[in-house]
Every structure is written in structure tokens, then in C-alpha cells.
Amino acid sequence: MLPDYRVRQRDYLLEIARSMTQELDLDILLEKILRLSASIVSGQAGIVILRDESGAWGVAASYGINQAFIRYFDPLLAQVPTHGDPARFELPEINRLLRDLTHSVGLGLLSGVWLPLIVQDRVVGVIFIFRNQPVQFNPNDRLLLRSFADQAAIAVNNAQVYRQVERERQRMEAILDSVVDGMLILAPDHSIERCNPAFANMYGLSLEEIADRSHEEVIVFERIDQGIPLATAVAGGWPLTPNATLYLEGDLKRPASPPLPVGVTYSPLLAPDGTLLNTIAVVRDITRFREADELKSTFISVITHELKTPVALIKGYTGTLRRDDAHWEPDVLEDSLAIIEEEADRLNTMIDNLLDASRLEAGGLQLQVTDVSLPDAVEKLAERFRTQVESHEIQVDFSPDFPVVLADEDRLLQVISNLISNAIKYSPDGGRIRIAGSVRPDLVLVCVQDQGPGIAPGDMPHIFDRFYRADEAVKKTKGAGLGLYLARAVIEAHGGGIWVEPQSGEGARICFSLPRSD
């Protein structure tokens, strides 16, 4: 049998090992190690110095030492040169520095005990215990200390690994939570192990309500435009390689909202032996992409139609006038040339609007700002319209105190010209068109009102959208749906706003505001 003191030491060491290996919080573990170390060697204070991944040394924990005194250790540790074999070169140098410091601070009355922490030839750090009595250890004591140091080194290494893993987990959690696309992490059986907030917001349920549900229960498509469902792909052998991504696009059903156009990319996470660990699903809202495609189709349709009409008229009249077998009366020739000129102007306006729309897409309109007297400029514009139309009465009614505004005169007149043209176009039976300007404390208002049928309530939210044209407008008038879109861009570039006001049976009334410059 072992002697009693050997049994006690063995039990004490087992208790220490059990206590340390159960703790994975590095800070708590280091404090516990220091207290146990001091207890074993009858020390009064101690420090733990750890070596980081870059090879630098630093005090990680202290026991029984005034914190103000800890700052003296940093310059000492900075003197330790890094070496490819820290156990042979760096540890002895640290021991020497600490012993010299102990002797000088303790006036020769203190001694130190150092316990190097080494795991599988990797230097983790060192424990240094201060004692007020000489160090006298027998071989059994040294064996106990060595065993303790080995257990402490393993515990510290485990806690460091755990802290590193925990930091990586937190970093990945933060990245996952900050991604704007929805993300799902699926187990091999397709149950949802993790869902990020973006997907929860997109889908309309909380994270807790989505977690642990089956992927096939959550990702349900009302319509699939591209690709095949995950379950179908898996049944066919997917994934065959680590980089075998799968893409699916369609309208995702949601519990309490309309279906959402999404694109889902599935990527496998495989173990070295090829076993599927997880499937990562990235869910992207493609509403804007679909809108862009629809807008592109609308653009092609509208422009093709709108360009075709004036080009056909110009070609038709030009071809007719050039016939060698006909002699045209002056009035017929004049009317034909007038139509050609009018259609050419339509083409030119349409091209200008398209160029302006392209400039907006490329980064906005450039304004040439000057002092503008809107009442005078609008009166001149109205006079030009009066010479072109006979069935409409065009009135200009600006407040006498209407101030000079700081603006791009050509752009503002482009806006007002568009509003007047629309008023004429959408009130074919004639009537009064009134351009009114009024003053507010911080802004000015300009409104254009006609006496036509007005704007349907369902069309009001969309009339400033690019290429939008109401069904009735498409049937009765020409246009590409760019005028009001550009008008809004111009007014907003000036820092103002533009809107349509509901007019029950009194025609359409569109107003815009501009900030005052006085």
C-alpha cells in the first residue's frame, strides 16, 4: 500500500485535476489554478503568464498582487526574444527575469517557484508563485508539482481552444445575423438547425417558430420558375461533389403575407470522408430583379410602340410627297410637312426623355442653378401654348409676392411644360387650364389643374413611376410614361416634392413645392 501522505497527495492531485478540467472559462480557470498553486507550495501570491499565437508573452492572471505592480511585468516580458524552441530559450529567460524581480522587490526575503505549462511540446505559459520562505522540495514534491503543472497546462490549453472556438462561433453568429440575405443551416435530415433574422423577417415568423422545423415545411413554392426542389435533387443523388451548388427560383409561400419572389442557393458542407454535415441555404429576395425584368419588357414594348407610330407617319408622308406621278396643292403640302415636323418633334422629345432617364439611372440630373422669376417664365411658356391650342383657356395666376427661387430654369419649365401638355392631352373636350403659384413660410407651391375627367384613385400612387400609364391613357393618348417620372426627379433634385391632389369631378390637379431661397 502507498504511505498515507502519498495517498493524500494522489487524492489532492485528482481533486485538483477534476476541478480544473470541469472549468472552460479561461479567466475563472486561471484564478483557480493560481489559488491551488499557492496552496500546494505554501505561497502568498502568484501570476500566470501565457504565450499567445504570435509568440508574445503577457500576464493573464494574478493572485495576491497589487494591480499597480502588474504593470512592471510588461516591460520585462517585452525583453524576452521569441525563439523557435521556447521551452529551451524563452522559459528559462522568463524564470530568470522573474527571480531577479522577486529578489529586488523582496529585498532578498522572497523566493519564487515556477511551473512551466507545456502540452505536447507546445509551450502554453508559466505559473510563478511568490513565497516568503526558501524553496525546499523533495523528489516527491517535485513529482507532485510536475503532475499539477501538466494538468494545469492541459486545462489551460482546453480553455484556450474553447475560447477560440467560442469566439469563432460568436463571429460566425454575428456575420450570419448581419447578412441581408436569408440563411438557413440544415441538418442532414433537412431539419432547420439555424435561421438568421433576415430570413425570419422575410418569411414572417420568429426565429423560435422556424427553428427545428423541416426545410420542406418552410420552403414551399407557389410557383417554380427555375431549378428543382431540394428534396428532388437529393433523391437524384445531390450532392455528388463538395462544390455542387443547387439553385432554385420562384414564388415562396409565406404564412401571413403574399408569396415572395426568391432565389435559393443550396451549398453542401461535407466531412473529409464525404459525409454530408450540413446544407447551407441562402434565400435572396429577387423582387427588384423581377421588377427590373418587367420594367425592361415594358420599356421595350412602350418604346417600340411609341417610336413606331411617328416613324411610320414620317415615312408615309415623305414617301407620298416624293411621288413623281402626283402634284400636290400648297395647302396639302403644308399640312403634310406640318405633320412630319410634329412627329419629328415627338421623336426628339421622346429621345430627350430617354436620355434624361438614362442620366438618372447613371447618377442623377445636373442642375444649372440661377435666380428664376417663375411668374414671368411661366407666363411666356403659357403664351407659347396658347398659340398652339384653341379649345383650352390657359390661365396663369401667381401670388403677387411670389419670390425669386434659386433653381434650374430650363428644368423647371420642362416640368411645367409637361404638366400643361398632360392637362391638354387628358382634357380633350377643352376647358380651363390654370397654373397657380402661392407662397408659404419656407417654400413655394405651383399647381397645374385642368377640367378633364381626372385621375382614377387606383392610378394616383403610380403616376410618377417610370413607364407607367393608366389603362385609359393607353387607349386614348400617346406617350411613353416618362414625363411625370422625370418631373419628379427634377423637383426632388431641387429639394422639393411633387404630388397629385384628389379632385372629385373637377379634373386633375398636380402640385409641386420648392424651397424658398430668400
Side-chain angles (χ1 to χ4, degrees), residues 349 352-353 356 360 364-389 392-427 430-455 459-466 468 479 481-504 506-518:
T349 299
D352 286 341
N353 286 342
D356 283 342
L360 276 177
L365 295 172
Q366 297 296 321
L367 301 180
Q368 303 296 324
V369 176
T370 59
D371 288 338
V372 179
S373 173
L374 268 183
D376 295 338
V378 172
E379 180 59 46
K380 293 178 182 177
L381 180 65
E383 187 59 35
R384 290 204 299 269
F385 273 99
R386 293 186 187 112
T387 62
Q388 299 172 16
V389 295
H392 292 82
E393 177 190 356
I394 301 177
Q395 295 181 350
V396 177
D397 184 12
F398 275 71
S399 173
D401 60 345
F402 198 93
V404 170
V405 294
L406 193 62
D408 186 323
E409 181 173 356
D410 290 340
R411 289 294 185 185
L412 285 187
L413 291 181
Q414 176 188 2
V415 171
I416 298 171
S417 176
N418 180 271
L419 298 181
I420 296 174
S421 296
N422 282 352
I424 294 171
K425 185 190 304 183
Y426 294 112
S427 56
R432 183 177 67 253
I433 297 173
R434 182 170 179 263
I435 307 110
S438 57
V439 183
R440 299 290 186 271
D442 300 319
L443 50 83
V444 296
L445 294 178
V446 177
C447 297
V448 178
Q449 182 173 352
D450 60 49
Q451 293 182 317
I455 301 172
D459 293 322
M460 287 185 182
H462 307 290
I463 66 168
F464 297 104
D465 294 346
R466 185 172 41 169
Y468 181 81
L482 285 173
L484 291 179
Y485 166 74
L486 294 172
R488 181 179 65 179
V490 169
I491 297 302
E492 290 179 351
H494 282 84
I498 187 168
W499 62 94
V500 56
E501 293 187 351
Q503 297 286 114
S504 178
E506 300 178 8
R509 177 180 169 90
I510 297 179
C511 301
F512 65 84
S513 65
L514 295 171
R516 292 183 60 166
S517 57
D518 54 351

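Computed from a predicted model, the values in this text were never measured in an experiment.
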Value for CD (Q414) from OG (S421), rounded to nearest 0.5 Å, stands at 11.0 Å
Could you tell me whether the side chain of R432 reaches within less than 4.5 Å of the side chain of I394, counting heavy atoms only?
no
Rounded to the nearest 0.5 Å, the CD1 atom of I416 sits from the CZ atom of F512 at a distance of 4.0 Å
Residues 438-450 vs salt bridge (charged side-chain N to carboxylate O under 4.0 Å, His left out), sequence neighbours excluded, gives none
Checklist entry - Are L445 and S513 close enough, and set up right, to give a side-chain contact (heavy atoms from CB on, under 4.5 Å), and what steps lead you there? => result CA-CA 5 Å; L445 294 178; S513 65; 3.7 Å; yes
CG of L412 to OG of S417, rounded to nearest 0.5 Å, is 12.0 Å
Going by atom type alone, with no hydrogens or angles, which donor-acceptor pairs under 3.5 Å involve a side-chain atom of residues 368-381 and a protein atom two or more places apart or on another chain?
residue	atom	partner	partner atom	Å
S373	OG	D376	OD2	3.1
E379	OE2	R386	NH1	3.0

Any N422 side-chain heavy atom under 4.5 Å of V448 side chain | no
Sorted by chain and residue number, the salt bridge (charged side-chain N to carboxylate O under 4.0 Å, His left out) partners of D410 (sequence neighbours excluded) come out as none
request  = Kindly determine whether L443 and L514 satisfy side-chain contact (heavy atoms from CB on, under 4.5 Å), including the steps that lead there.
outcome  = CA-CA 6 Å; L443 50 83; L514 295 171; over 6 Å; no
d(S427 OG, Q451 CD) to nearest 0.5 Å is 8.0 Å
Original post:
Below 4.5 Å, heavy atoms only, C-beta onward: do V446 and C511 meet side chain to side chain?
Top reply: no
For Q395, the side chain to side chain donor-acceptor pair (under 3.5 Å) test, sequence neighbours excluded, returns E393
Smallest heavy-atom separation, H392 atom then A423 atom, equals NE2-O, 4.4 Å
Rounded to the nearest 0.5 Å, the CG atom of N418 sits from the CG atom of L413 at a distance of 12.5 Å
Pairs under 3.5 angstrom only: tabulate donor-acceptor contacts from the side chains of residues 491-500 to other protein residues two or more places apart or in another chain.
residue	atom	partner	partner atom	Å
H494	ND1	V490	O	2.8
H494	NE2	D408	N	3.0
W499	NE1	E501	OE2	3.3

Value for CD (Q449) from CD1 (I435), rounded to nearest 0.5 Å, stands at 11.0 Å
For F402, the ring pair (Phe, Tyr, Trp, His ring centres under 6.0 Å) test, sequence neighbours excluded, returns F398
